[in-house]
Amino acid sequence: MKKVRVRFAPSPTGGLHIGGVRTVLYNYLFAKNHGGDFILRIEDTDQNRYVKGAEEYIFDCLKWCGLEADESSLHGGEYGPYRQSERKEIYGEYGEQLVKDGFAYYAFDTAEELEKMRQDLKTEANPSPQYDHSIRRKMRNSLTLTMDETKKLLDAGIQHVIRIKMPENETVFLNDVIRGEIHFNTDTLDDKVLLKADGMPTYHLAVVVDDHLMEISHVFRGEEWLPSAPVHLLLWKYLGWEKHMPKWAHLPLILGPNGKLSKRDALKYGFPVFAMNWTDPKTGELIAGFREKGFLPEAFINFLALLGWNDGTEQEIFTKEELIKKFSIERVHSGGAKFDYEKAKWFNHEWIKRLTIDEFRLRIDKILADNNIAGIGKDYLDKVIALVKDRCILLTDFYDQSHFFFKSPAEYDLNAVKPKWSGGKKRFFDLFVEEMKATDPWESAFIEDGFKKLAMMQDMKPGELQLPFRIMLVGGKFGPPVFDIAAVLGKEQTIQRVHKAIVAFD
Ligand code: GLU
């Protein structure tokens with residue numbers, strides 16, 4: 001088998017949807033599984049759709065996911081340039097070759113002529129007529145003009161495009177690794193523009209030329225490209241490269257609550273659909289990203305891998321290394337894969353539980369900074385992490401789960417204590433302060449022991465005293481076991497908080 005070389009070929013037109021990341025992932029896993037190369041090619045031939053910042057954003061996303069390319073405009077490689085706008089000169093000769101060989105033609109129609117054709121030929125049955133075999137004979141192109149006329153127009157530098165001459169009533173066969181054999185009848189296809197008037201190729205020509213020149217062995221891309229596949233297959237054949245044609249696989253859609261998972265779903269349901277936050281530069285609209293929501297990249301790629309693939313067992317948690325070992329494109333399902341945000345969070349929780357304290361600490365710098373938590377010693381922070389890590393489903397839960405370790409409660413859930421607060425309870429906590437002063441060593445079990453003994457001596461139920469104690473320390477009815485909290489807060493801080501709360505509860 002020839003060397004595996006796969007590519008992700010995004011157009012820099014906006015944020016990176018999880019469908020795109022999954023395409024990257026499957027390409028990446030397949031490449032690494034076969035000791036091959038993963039190439040990132042930027043398809044920016046449609047300058048009207050180019051969005052500033054989108055290219056950099058794609059690189060940042062792949063970096064965060066740990067799915068970086070072996071070859072790209074950033075990583076180097078021998079098949080560059082890897083940005084199509086920098087390859088403009090390459091495509092023209094292939095367009096000309098296709099014309100010379102009779103598979104394409106020059107079309108000189110102006111925008112007005114095209115519009116007139118669309119208006120004149122519009123019928124109820126065919127509301128948007130296409131430039132196809134039934135129409136091309138009525139238009140101004142090198143098929144209807146004489147050779148001399150064509151040459152004159154070309155020599156005079158008259159604007160023109162090159163269009164593919166779609167054969168009539170032919171069947172094109174696609175052998176898709178996931179879907180099996182698919183047929184297309186060429187009568188449903190129009191004479192797509194291959195080379196534009198400004199000399200830029202369209203996607204169809206550029207993708208085939210580049211996949212060939214970059215020696216791509218397998219094309220794995222989203223199902224939305226299936227309708228374009230016959231055009232690409234014909235171009236591979238017409239350019240004389242059929243022998244080198246890559247293997248194809250069109251990946252299933254990712255489904256949201258109402259069909260294809262979309263940006264609109266993200267806005268409506270409040271879950272992320274992009275890898276990282278993306279702000280549309282035109283509308284200013286922010287689409288949430290998994291990174292900022294608090295997902296670990298390990299969890300993100302784990303659940304994405306399983307959106308459309310499994311290894312045939314019940315296993316759900318996979319490291320990247322395991323995925324590389326086990327992934328096979330044949331096991332990708334052809335049906336749409338349903339995105340379930342609750343399940344995605346479950347994966348994240350599992351991955352957070354698997355992090356060591358050191359690993360977790362390295363991921364929360366930004367959360368601490370965003371919440372103005374500074375100057376915390378490593379030992380103290382690690383004790384807090386040990387207590388709350390497994391309670392975090394998302395990294396961003398860390399603050400909600402731990403803020404009381406860094407800031408004394410500004411207010412108390414008085415509704416939870418007041419109705420049952422009594423002189424007896426106040427007395428208990430006054431005595432408990434004295435008890436705590438003498439507690440040594442200051443450890444959870446000793447604090448608990450002192451607390452329970454004192455309660456017994458006062459003929460009170462420890463269970464009824466623990467809730468007020470918790471509210472004194474954290475402000476509300478939440479958090480890890482209360483004696484563990486006291487142990488981490490330290491003797492002085494715990495006593496201070498109890499004193500302060502007794503006053504507030506009265
Ligand atoms: N440039 C196309 C895109 O934006 C690439 C499709 C393909 O992989 O052929 O997704």
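When a ligand or atom number is given, it counts from 1 through the structure's own listing order. Here the structure is a predicted model, which is why all the values come from computation and not from measurement. Just so it is clear, the values below take in all heavy atoms, side chains as well, and ignore hydrogens, waters and symmetry mates.
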Undergrad: With a cut-off of 4.0 Å, which atoms of ligand 1 are near a heavy atom of Glu43?
TA: 1 (N), 2 (C), 5 (C)
Undergrad: Using the ring of each side chain (for Trp, its six-membered ring), is Phe30 parallel, tilted or perpendicular to His34, with breaks at 30° and 60°?
TA: tilted
Undergrad: Does an N or O anywhere in Pro10 fall below 3.5 Å from an N or O of ligand 1?
TA: no
Undergrad: Arg221 heavy atoms, cut-off 4.0 Å: which ligand 1 atoms fall inside?
TA: 7 (C), 8 (O), 9 (O)
Undergrad: Students should be able to answer this: which protein heavy-atom is nearest to atom 4 (O) of ligand 1, and at what distance?
TA: Ser11 OG, 3.1 Å
Undergrad: Output the list of atoms in ligand 1 that are nearer than 4.0 Å to some heavy atom of Val207, sorted by atom number.
TA: 9 (O)
Undergrad: Under a heavy-atom criterion of less than 4.0 Å, does Arg7 contact ligand 1?
TA: yes
Undergrad: Hey, what's the ring geometry for Tyr106 with His160, parallel, tilted or perpendicular (30° and 60° as the breaks)?
TA: perpendicular
Undergrad: Please report which non-hydrogen protein atom sits nearest to atom 2 (C) of ligand 1, along with the residue it belongs to and the distance in Å to one decimal place.
TA: Ala9 O, 3.3 Å
Undergrad: Pairing donors with acceptors under 3.5 angstrom, does anything connect the side chains of Asp358 and Thr356?
TA: no
Undergrad: For the residue pair Arg331 / Asn310, report whether a side-chain donor-acceptor contact shorter than 3.5 Å exists.
TA: yes
Undergrad: Regarding Tyr203 and Glu43, do their side chains bring together a donor and an acceptor under 3.5 Å, going by distance alone?
TA: no
Undergrad: Quick test of your reading of the structure: of Tyr203, Trp225, Trp248, Phe8, whose heavy atom lies closest to atom 7 (C) of ligand 1?
TA: Tyr203
Undergrad: Over 60° means perpendicular and under 30° means parallel, so tell me whether Tyr341 and Phe295 are parallel, tilted or perpendicular.
TA: tilted
